[in-house]
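Below you'll find the structure, written out as C-alpha cells, and then a few comments.
The chains referred to below are lettered A, B, ... by the order of the sequence lines, with proteins before strands, and numbering in each begins at 1. Just so you know, these numbers use all the heavy atoms, side chains as well, and skip hydrogens, waters and symmetry mates.
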2 protein chains.
Amino acid sequence: MADAVSERERKVLDIIETVRRKRPKFKDAAITMAHGAGGKATQTLIEGLFVPAFGSEAGAAMADAGAVGDDLAITTDSFVVSPLRFPGGSIGELAVNGTVNDLAVSGARPLALSLAMILEEGLDADTLRAEVDAIARAAAAAGVEIVAGDTKVVERGHADGMFLCTTGVGRRDPRATLSPAALRPGDRILVSGSIGEHGTAIMLARGEFDLAAEIESDTRSLWPAVDALLDAAGPELRCLRDATRGGVASVLNELARASGVAMIVNEAAVPVHPAVAGAAEILGIDPMYVANEGKLVAFVAPEGADAALAALRSFDEQAAEIGEVKTEPPGMVLVQTAFGGKRVMDQLVGDPLPRIC
Amino acid sequence: MADAVSERERKVLDIIETVRRKRPKFKDAAITMAHGAGGKATQTLIEGLFVPAFGSEAGAAMADAGAVGDDLAITTDSFVVSPLRFPGGSIGELAVNGTVNDLAVSGARPLALSLAMILEEGLDADTLRAEVDAIARAAAAAGVEIVAGDTKVVERGHADGMFLCTTGVGRRDPRATLSPAALRPGDRILVSGSIGEHGTAIMLARGEFDLAAEIESDTRSLWPAVDALLDAAGPELRCLRDATRGGVASVLNELARASGVAMIVNEAAVPVHPAVAGAAEILGIDPMYVANEGKLVAFVAPEGADAALAALRSFDEQAAEIGEVKTEPPGMVLVQTAFGGKRVMDQLVGDPLPRIC
C-alpha cells in the first residue's frame with residue numbers, strides 16, 4: 001500500500017480534484033432516483049440546496065447526527081424499502097436499527113425514538129401488526145423506547161404500502177471524540193464484518209433476477225459494537241460510519257473529502273460473503289457500493305488499530321482491516337486490486353439499487 | 001351552561017359511557033382513510049395496537065409530546081397534505097409549524113427540528129426549491145434550527161409528490177404544569193382565535209367544490225401565544241392542545257375522556273369566520289371538526305381565565321371563552337346550541353377531509 005503515484009497519474013488526479021473541490025450546484029430540473037441513492041446526486045442536493053437554505057451545520061447533519069443542547073445527538077431517517085419484508089428483516093426492524101445506528105456511529109448512546117408512519121389506504125392490517133411487532137422487538141433489543149408517534153393515511157395508489165420515519169435521540173458518549181474531519185495519514189480503516197449483504201438480500205427478494213442465493217439482510221443494532229470500540233480504543237478512534245446507502249465506497253469517499261486525505265483500500269482484505277460476491281459478479285455490481293444495515297467502518301489511529309479490531313472481532317469474526325489513510329491524492333479513494341494494480345474508487349453515480357432502506 | 005341532565009338523558013348517556021370506557025380493540029382488516037383522521041378510528045389504532053406494542057407511555061405520546069431525559073420533549077409528525085401549496089401556506093411551512101406547535105402546547109419551548117423528505121421521482125425541482133425555502137423561512141420565524149435530515153426518493157407513482165416528516169425537540173418550560181388528566185370541573189375552555197380555517201382552505205384549494213370563498217390557512221407558530229399564556233396564567237393552566245386533525249371537537253372529546261370530566265360548549269361563543277361558516281354549511285360539515293394549524297384550545301382554572309384570555313387576545317382579537325368543564329356526564333362533550341337545546345358532540349367518525357396536513 002505505497003503512496004507512490006506517477007507524474008501522469010498525478011496530473012489526471014489534479015484535474016479530477018479541481019472539478020471535485022467545487023461546491024456542487026443543484027441544477028437538475030426534476031428529482032431522479034439517484035437523488036436518494038446516497039451518492040453524488042444526493043450530495044449535490046445536500047450541498048447545493050439544503051446547506052444554502054438551512055445553514056452549514058444543518059447541511060452537514062443531513063448525512064450525520066445533529067446536536068441538541070450540550071450532550072444530545074439527534075438523527076432522522078425515512079424508510080421506503082421495497083419489499084416490506086425480506087430475508088433477515090423487514091421495514092420496521094430496519095427503521096429502528098437504521099436510526100439507532102446513525103446515533104451509535106456518531107458516538108451517542110441511543111436513548112429514544114419517535115416513529116411516524118405513512119400508511120396506504122387498503123394496507124392489510126396483519127401487515128401493519130407484523131411491522132408494529134417488529135418495531136417493538138427491535139426497539140427492545142436495541143434498548144430504546146418509542147416515545148412519540150404519528151400516523152397518516154393516504155389514498156390507495158398515493159403511497160406504497162407503508163413508509164416509516166424514525167428520529168432518534170442519544171446521549172453523546174464522553175469516551176468518543178469523533179469527527180469526519182479528524183482522519184490523519186496512517187490511520188487504519190476497519191470494517192466490522194462482511195459487506196453488501198443487505199442490498200443483495202433486497203435485490204434478490206424482489207425476484208427480478210433468477211438468482212436463488214441464501215443471503216440475509218445484516219440489519220442489527222451497532223451500539224454494542226460501538227460501545228466495545230469506545231472501551232477498547234476510545235481516544236484513538238477518529239470517526240465511525242455505518243455503511244448504508246452507497247455502501248463502504250460512499251463512506252470512504254465522503255470522509256476522504258471531509259478530511260482532505262487519500263485512502264487506499266486493499267481489495268483482497270475486504271470480507272465479502274461468497275454468495276454476495278457471486279450475485280454481485282452476475283449483476284455487474286461492486287459489493288463496495290452495496291448497502292449494509294449492520295456494518296460499520298471505523299477509522300482508527302495506528303496505535304489503537306489492533307485493540308479496535310479485536311473489539312470488533314469479538315462480535316464478528318469477519319471484521320477486518322481493509323486499508324489505510326494516506327496523504328496523496330487528497331480527497332480520493334484508491335483501490336489496490338488483487339492483481340497488484342490501482343484504480344480510483346469514485347463516488348456512486350446513479351442508483352443501481354433503489355429503495356434498499 | 002347548567003349541569004342539569006334529565007333522568008332519561010342520564011340513562012342514554014350511561015349506556016354510551018359504558019361502551020366508551022372499554023379499551024378499543026383494533027379489529028379492522030385493512031387501513032382506511034379514517035385511521036389517519038385523528039378521530040375514533042385513529043384512537044382505536046393507537047389504543048388497540050400501538051399502546052399494547054410500545055407501552056402506555058409511548059401510546060399516550062402518539063397523540064402528544066414524549067419525554068427524553070429530565071427536561072426535553074420530543075414530538076414527530078408526517079405531512080401528506082394535498083395539494084402541496086394552498087392559500088396561506090404550503091406543506092413545508094405546515095411541517096415546521098405543526099411540529100413546533102405540538103411542542104408548544106405540551107409546554108416546551110421549541111429548540112430544534114429534524115426533517116426527513118420522501119420525494120417522488122419526477123418531482124419538479126422548482127417545487128422542491130420552493131418547499132425548502134418555505135421550511136427555512138418558517139423555521140427562522142419559529143426560532144428553531146434544522147439540525148438533522150434525510151432524503152429518500154421513490155419511483156414515479158409510488159408517492160404523491162412529496163411527503164415530509166419533522167421531529168421536534170423542545171425544552172420543558174418551568175412555568176408549565178400541563179397534563180391531559182388535570183382538568184377539573186369549573187375550568188374554563190378558551191380558543192385562541194376563529195376555527196376551521198386550515199381545513200376549509202385545503203378543501204377549497206382542491207377545487208372539488210364550486211366555492212370561491214377567500215379563506216387562508218391559519219398555519220403559524222403557536223409558541224409566542226403559549227409563552228404569553230404561561231406568563232399570564234402559568235400555574236392556572238391545566239392543559240393546552242392545538243386543534244389540528246379532527247378539529248376542536250376532537251380535542252374536547254380526547255381531554256374529557258382523559259380527565260374523566262364533562263364539558264359544555266356554548267355554540268354561540270365559538271368564533272367562526274363567516275366564509276368558513278358558509279362553506280361548512282354548504283358542505284354539511286361542522287367547523288368544530290375542521291382542522292386548524294395555528295389555533296389552540298386552553299383549559300384554565302377559573303381564577304386564571306381572564307388573564308389567559310387577555311393574553312390570547314393580545315395576539316388575536318377573536319380569541320374567546322367557549323365553554324366550561326363540568327362533572328356530569330364524565331367523558332362527554334355537550335353543546336348548548338344557539339336555540340337553547342343541548343346535544344352530544346361526539347368523536348369524529350370517518351374522515352370527511354382527508355390529507356389536510
Measure [X] against the heavy atoms of chain B and call it side chain, backbone, both or neither at under 4.5 Å.
X: A:V68; answer: side chain
X: A:R245; answer: side chain
X: A:D124; answer: both
X: A:L123; answer: both
X: A:V132; answer: both

Could you tell me which non-hydrogen atom of [X] sits nearest to which non-hydrogen atom of [Y], and how far apart they are?
X: B:D28; Y: A:R129; answer: O-NH2, 4.3 Å
X: A:M33; Y: B:V153; answer: CE-O, 3.5 Å
X: A:A136; Y: B:F54; answer: N-CE2, 3.8 Å
X: A:V147; Y: B:A67; answer: CG1-O, 3.9 Å
X: A:I74; Y: B:A148; answer: O-CB, 3.6 Å

Problem - Pair B:L72-A:L72, side-chain contact (heavy atoms from CB on, under 4.5 Å): steps then yes or no - result: CA-CA 10 Å; B:L72 292 182; A:L72 292 183; 2.7 Å; yes

At a heavy-atom separation under 4.5 Å, does [X] approach chain A through its side chain, its backbone, both, or neither?
X: B:T32; result: backbone
X: B:E155; result: both
X: B:A29; result: backbone
X: B:D77; result: both

Problem - Donor-acceptor pair, side chain of A:K152 and main chain of B:S78, under 3.5 angstrom - result: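 Yes; judged by distance alone, with no hydrogens or angles, the pair exists.
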
Problem - Polar contact flag, side-chain donor to acceptor under 3.5 angstrom, A:T76-B:D150 - result: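 Judged by distance alone, the side chains do not pair up.
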
Practice task
Applying side-chain contact (heavy atoms from CB on, under 4.5 Å), run through B:F50 and A:L115 and close with a yes or a no.
Solution key: CA-CA 11 Å; B:F50 301 148; A:L115 168 69; over 6 Å; no

Practice task
Going by the side-chain hydrogen bond (donor to acceptor under 3.5 Å, both in side chains) test, name the single residue among B:T167, B:T166, B:T75 that passes it with A:T167.
Solution key: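 Result: among B:T167, B:T166, B:T75, B:T167 is the only option passing the side-chain hydrogen bond (donor to acceptor under 3.5 Å, both in side chains) with A:T167.
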
Problem - Winner by heavy-atom pair count (cut-off under 4.5 Å) against chain A, out of B:I118, B:L111, B:T42, B:L119 - result: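 Heavy-atom pairs under 4.5 Å are most numerous for B:I118.
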
Exercise for the section: With a 4.5 Å cut-off on heavy-atom pairs, point out which of B:H158, B:E120, B:R156 contacts chain A the most. Expected result: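 Among B:H158, B:E120, B:R156, the one with the most close pairs to chain A is B:H158.
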
Handout entry: Residue selection (most heavy-atom pairs with chain B, distance under 4.5 Å) from A:A53, A:A140, A:S114
Key =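 The residue among A:A53, A:A140, A:S114 with the greatest pair count is A:S114.
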
Practice task
Name the option with the most non-hydrogen atom pairs under 4.5 Å to chain B; the candidates are A:A125, A:A34, A:A37, A:G36.
Solution key: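 That would be A:A125.
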
Exercise for the section: Find the distance between CG (B:L128) and NE2 (A:H35) and round it off to the nearest 0.5 Å. Expected result: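 Reported to 0.5 Å precision, the distance equals 9.0 Å.
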
Handout entry: Side-chain heavy atoms of B:V154 within contact of A:D160, under 4.5 Å
Key =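 In short, these two side chains do not touch, never coming nearer than 4.5 Å.
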
